[in-house]
Amino acid sequence: MSASSRIPPIAQPFVSEHAKRTLDLVEEFVEKDCIPADTVFSAQLGEEKAKKLGLWNMFLPKNHFTQGAGFSNLEYGLMAELLGKSKVASEATNNAAPDTGNMEVFAKYGNDAQKKQWLAPLLEGKIRSAFLMTEPDVASSDATNIELNIRREGNEYVLNGSKWWSSGAGDPRCAVYLVMGKTDPTNPDTYKQQSVILVPAGLPGITVHRMLTVYGYDDAPHGHGHITFKDVRVPASNMVLGEGRGFEIIQGRLGPGRIHHAMRAIGAAERALEWLIARVNDERKMTFGKPLVAHGVILEWIAKSRIEVDAARLIVLNAAIKIDQGDAKSALKEIAQAKVLVPQTALTIIDRAVQAYGAAGVCQDTPLAYLWAGIRTLRIADGPDEVHLQQLGKRENKARKDAVTAKLNWQREEADRLLAASGFKPKSHL
Ligand SMILES: Cc1cc2nc3c(=O)[nH]c(=O)nc-3n(C[C@H](O)[C@H](O)[C@H](O)COP(=O)(O)OP(=O)(O)OC[C@H]3O[C@@H](n4cnc5c(N)ncnc54)[C@H](O)[C@@H]3O)c2cc1C
């Protein structure tokens, strides 16, 4: 069954014929060109072919940008699922984080000169970029804690501080850092202290100390950098949008990106399920005289995985449709639901597949260990689960507490009235 014929019925009406054809092309490209290239980890192997097939920059949504391939968030979301099955496919098609979010920042908030200098080569895949927000010395899930200092001196800004988990900084093609720091640390409005400024990689005063590993994987060539800034000077024109606009930028940056991550995680879960099914039907490896699939619990794993991945996909597609119908801000609730639910679901499914392989599941002979390590980081990166849950909980509680309390009180009174009208005694209540 082709990818376009598997689009859930609820999403079908929102997907154009062009997007359906592209989705089928993406599937063929991922399965035939990218997954085999995963072992040599060379996105460049597929890049030329991806461009030829027109599979390039699909992530930039058509209702907000002119520079992309003309798809909606929903249409690209369906494609991102397929890209997420491979290590290299997102990069080979120029749809990889953090460049995608950074290109959105340039497209949304950059001025003409910044777009010309950085967005144009990023869109062509000639350079790479990194977004530097998280710091080693403060709890960065609360971005008001960020300390890197950005001080104005004449026509320049001077940067001092340290960053880590700067994804993409390890790539030799990484040419620009988007750095969040404080231009006005004493402003009583703690959301106006921050700014985002553009820093060309390799300037004097920048030290890249090391690349951080993820469960021991080095994530080369992409790399998560630990970087310090000592009196690093950039022209004042490198400021994005203006001083004090940092929060606005990070909030605008992460909405659609979370959908991309979530859909790639669905792709990873689907790939794990494929590996699970292959193993449990392998008749060379029987236990107690039967292939694993003949043991009852295994069919239950397959069934639960199918249910869970299909349900999770609907949550993400719903969020993508909501963004397409308004913008990322109007879909905050739906995006947060997807951000929290999907990695947890995908991890459960990958873990079942690991279990089915026994020891082979935890080593390099299947993609499962690497998939698990990558998806596990999604419960922390772009804000940990707890922060999103807190915001979701607050929002749900605030929106509903008065109305549900009033409704339940009315229902109790109405029940009492009906009982009294029928000659019964009112019930005792809490
Ligand atoms: C693979 C990977 C790639 C990344 N890429 C980038 C990048 O490119 N650029 C970048 O700037 N950053 C990046 N990050 C960093 C990431 O965004 C941060 O790690 C994340 O925001 C959490 O910040 P922290 O690590 O400082 O954790 P802390 O803020 O110290 O939080 C630690 C823990 O505290 C708990 N916690 C926090 N708030 C609450 C709360 N309100 N209630 C209950 N518990 C809470 C959570 O469990 C959380 O995990 C990346 C991280 C990973 C793992």
Side-chain angles (χ1 to χ4, degrees), residues 5-15 72-74 77-78 81 141-142 251 254-256 258-259 261-263 265-266 269-270 273 296-349 351-352 378-379 382-430:
S5 57
R6 299 196 308 270
I7 298 171
I10 209 161
Q12 286 275 0
F14 303 103
V15 184
S72 64
N73 282 288
L74 171 74
L78 292 162
E81 171 179 340
S141 52
D142 174 355
Q251 276 164 355
L254 285 177
R258 289 185 175 129
I259 299 294
H261 275 316
M263 284 307 281
I266 300 270
E270 284 286 6
L273 183 53
V297 68
I298 303 286
L299 282 179
E300 195 180 309
W301 287 0
I302 295 175
K304 278 189 174 163
S305 301
R306 183 76 275 144
I307 294 167
E308 289 158 6
V309 80
D310 285 354
R313 181 186 292 106
L314 290 182
I315 287 269
V316 194
L317 297 183
N318 181 55
I321 292 170
K322 192 83 196 276
I323 301 177
D324 286 332
Q325 289 176 343
D327 55 18
K329 221 172 169 184
S330 64
L332 282 180
K333 182 181 90 178
E334 289 77 9
I335 293 170
Q337 287 173 342
K339 161 81 174 92
V340 173
L341 178 83
V342 175
Q344 296 190 18
T345 303
L347 286 171
T348 305
I349 294 163
D351 192 63
R352 286 188 192 118
L378 297 182
R379 295 195 50 212
D382 289 355
D385 286 359
E386 292 75 12
V387 172
H388 293 282
L389 286 169
Q390 194 178 32
Q391 282 161 1
L392 264 176
K394 255 191 205 159
R395 185 179 291 261
E396 178 82 5
N397 188 50
K398 189 170 169 211
R400 304 200 59 203
K401 64 181 168 45
D402 293 339
V404 295
T405 306
K407 184 178 79 176
L408 295 191
N409 285 339
W410 178 85
Q411 286 173 343
R412 283 193 196 105
E413 283 162 16
E414 184 63 3
D416 285 350
R417 195 187 64 74
L418 290 172
L419 284 170
S422 312
F424 296 104
K425 266 174 79 188
K427 271 173 73 179
S428 59
H429 297 299
L430 284 176

So which of T345, L378, L389, V387 actually passes side chain to side chain contact (heavy atoms under 4.5 Å, CB included) with V340? L389
Do R6 and E81 meet the salt-bridge criterion of a basic N to acidic O distance under 4.0 Å? no
Would you be so kind as to tabulate the donor-acceptor pairs closer than 3.5 Å made by side chains of residues 392-400, with sequence neighbours excluded?
residue: E396; atom: OE2; partner: R400; partner atom: NH1; Å: 3.4

Rounding to 0.5 Å, atoms CG (L317) and CG (L78) come to a distance of 5.5 Å
Without hydrogens or angle criteria, can the side chains of N318 and Q337 be said to hold a donor-acceptor pair below 3.5 Å? no
CD1-CG distance between I315 and D310, expressed to the nearest 0.5 angstrom: 12.5 Å
Short side-chain to backbone donor-acceptor contact, D382 and R258, under 3.5 Å: no
Strictly distance-based, threshold 3.5 Å: is any side-chain N or O of D324 a donor or acceptor partner for the main-chain N or O of N73? yes
Derivation of the side-chain contact (heavy atoms from CB on, under 4.5 Å) call for I266 and M263: CA-CA 5 Å; I266 300 270; M263 284 307 281; 4.2 Å; yes
CD1 (I10) with more than 12 external heavy atoms under 6.0 Å: no
Atom CD1 in I335, atom NZ in K322: separation rounded to 0.5 Å? 9.5 Å
Going through the checks in order, is the side-chain contact (heavy atoms from CB on, under 4.5 Å) test met by Q344 and D385? CA-CA 10 Å; Q344 296 190 18; D385 286 359; 2.8 Å; yes
Shortest non-hydrogen contact between V342 and A265, atoms and distance: CG1-CB, 3.7 Å
For A312 against L341, the heavy-atom pair lying closest together: CA-CD2, 3.8 Å
Say whether, by atom type as modelled, one donor and one acceptor occur between the side chain of K339 and the main chain of P384 under 3.5 angstrom. no
To the nearest 0.5 Å, what is the distance between CD (E270) and CG (L273)? 6.0 Å
When rounded to the nearest 0.5 angstrom, what is the spacing between CZ in F14 and CG in L74? 7.5 Å
Nearest 0.5 Å, please: how far is OG1 in T348 from NZ in K304? 10.0 Å
Is R417 salt-bridged to E413, cutoff N-O under 4.0 Å? no
Here the pair of heavy atoms bringing V309 nearest to R306 is CG1-NH2, 3.0 Å
